[in-house]
K.L.:
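If you scroll down you'll find the structure; I have some questions about it.
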Amino acid sequence: MNIFRLAGDMTHLLSILVLLLKIYATKSCSGVSRKTQELYAIVFLARYLDLFTDFISVYNTFMKIVFIASSLAIVWCIRVHPMVKRSYDKDLDTFRHYLLVAASFLLALFLHEKFTFLEIFWAFSIYLEAVAILPQLVLLQRSGNVDNLTGQYVFFLGAYRGLYILNWIYRYLTEPRFTRWIACVSGVVQTALYADFFYYYFISWKNNSKLKLPA
Amino acid sequence: IVEGKYHDEL
């Protein structure tokens with residue numbers, strides 16, 4: 001474990017806590033894409049299939065459970081909780097996210113570490129996570145003004161994988177046989193998708209103005 | 001942490 005990966009995991013955890021705070025405090029999910037939340041739930045379920053069979057550390061197991069439980073709880077909130085469900089704007093959240101699931105799974109069938117059930121689902125979860133934010137970014141562009149907590153949620157979610165890239169560079173330089181091409185390339189693509197969001201987020205922070213993504 | 005296990009990252 002290195003400082004970049006720990007910072008990345010903590011930033012990821014922070015993004016989830018900010019989203020939970022937003023939903024709990026405002027009893028609303030306005031500006032939040034349910035589809036992105038559903039994709040993330042699939043990402044964690046597909047990636048942590050080895051949760052009970054492969055023990056790495058208490059930290060690793062604990063965080064996997066937190067990520068799975070929180071992503072399912074958020075999807076449950078948006079789908080079932082009467083107050084929150086009412087604020088979900090399905091007319092804005094129209095990204096055809098099942099195409100992202102299909103494309104990622106198809107790619108995982110061709111590009112994986114080993115042709116085994118666990119490795120194909122692991123690669124699938126890596127590819128799916130890279131594009132999971134798309135419905136959310138499209139929703140932000142459509143919904144015009146973005147409330148602070150939602151903006152912070154997306155910012156931390158994008159930053160965590162950026163920190164993981166530093167972690168992969170660090171591990172590549174310090175561990176002899178470290179190669180994680182699938183995770184690295186996918187992580188770079190994932191972080192690049194946030195590029196324009198980061199730009200507008202920085203502008204809004206610098207001008208101390210409301211975050212607004214151009215339509 | 002058992003480093004080096006294949007998927008030791010989250």
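Scope of the values below: all heavy atoms of this structure, side chains included, with no hydrogens, waters or symmetry mates. Quick caveat, the model's predicted, so the values are computed rather than measured. Throughout, protein chains are lettered first and strands after them, A, B, ... in sequence-line order, and every chain is numbered starting at 1.
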K.L.:
Count the heavy atoms belonging to other residues, nucleotides or ligands that lie under 6.0 Å from NZ of K27(A), then report whether that count exceeds 12.
P.N.:
yes
K.L.:
Using heavy-atom distances under 4.5 Å, tell me whether F44(A) contacts chain B through its side chain, its backbone, both, or neither.
P.N.:
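When you check distances to chain B, no heavy atom of F44(A) falls under 4.5 Å.
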K.L.:
What closest approach, in Å, do D8(B) and R5(A) show between heavy atoms, and which atom pair accounts for it?
P.N.:
O-NH1, 3.1 Å
K.L.:
Less than 4.5 Å apart, any side-chain heavy atom of H7(B) and any of R47(A)?
P.N.:
no
K.L.:
Any chance you could lay out the side-chain contact (heavy atoms from CB on, under 4.5 Å) test for L10(B) and N60(A), step after step, and finish with the verdict?
P.N.:
CA-CA 7 Å; L10(B) 289 171; N60(A) 187 272; 3.9 Å; yes
K.L.:
With a sphere of 6.0 Å drawn around OH of Y24(A), does it hold more than 12 non-hydrogen atoms of other residues, nucleotides or ligands?
P.N.:
no
K.L.:
Using a cut-off of 6.0 Å, state whether more than 12 heavy atoms not belonging to F198(A) lie near its atom CZ.
P.N.:
yes
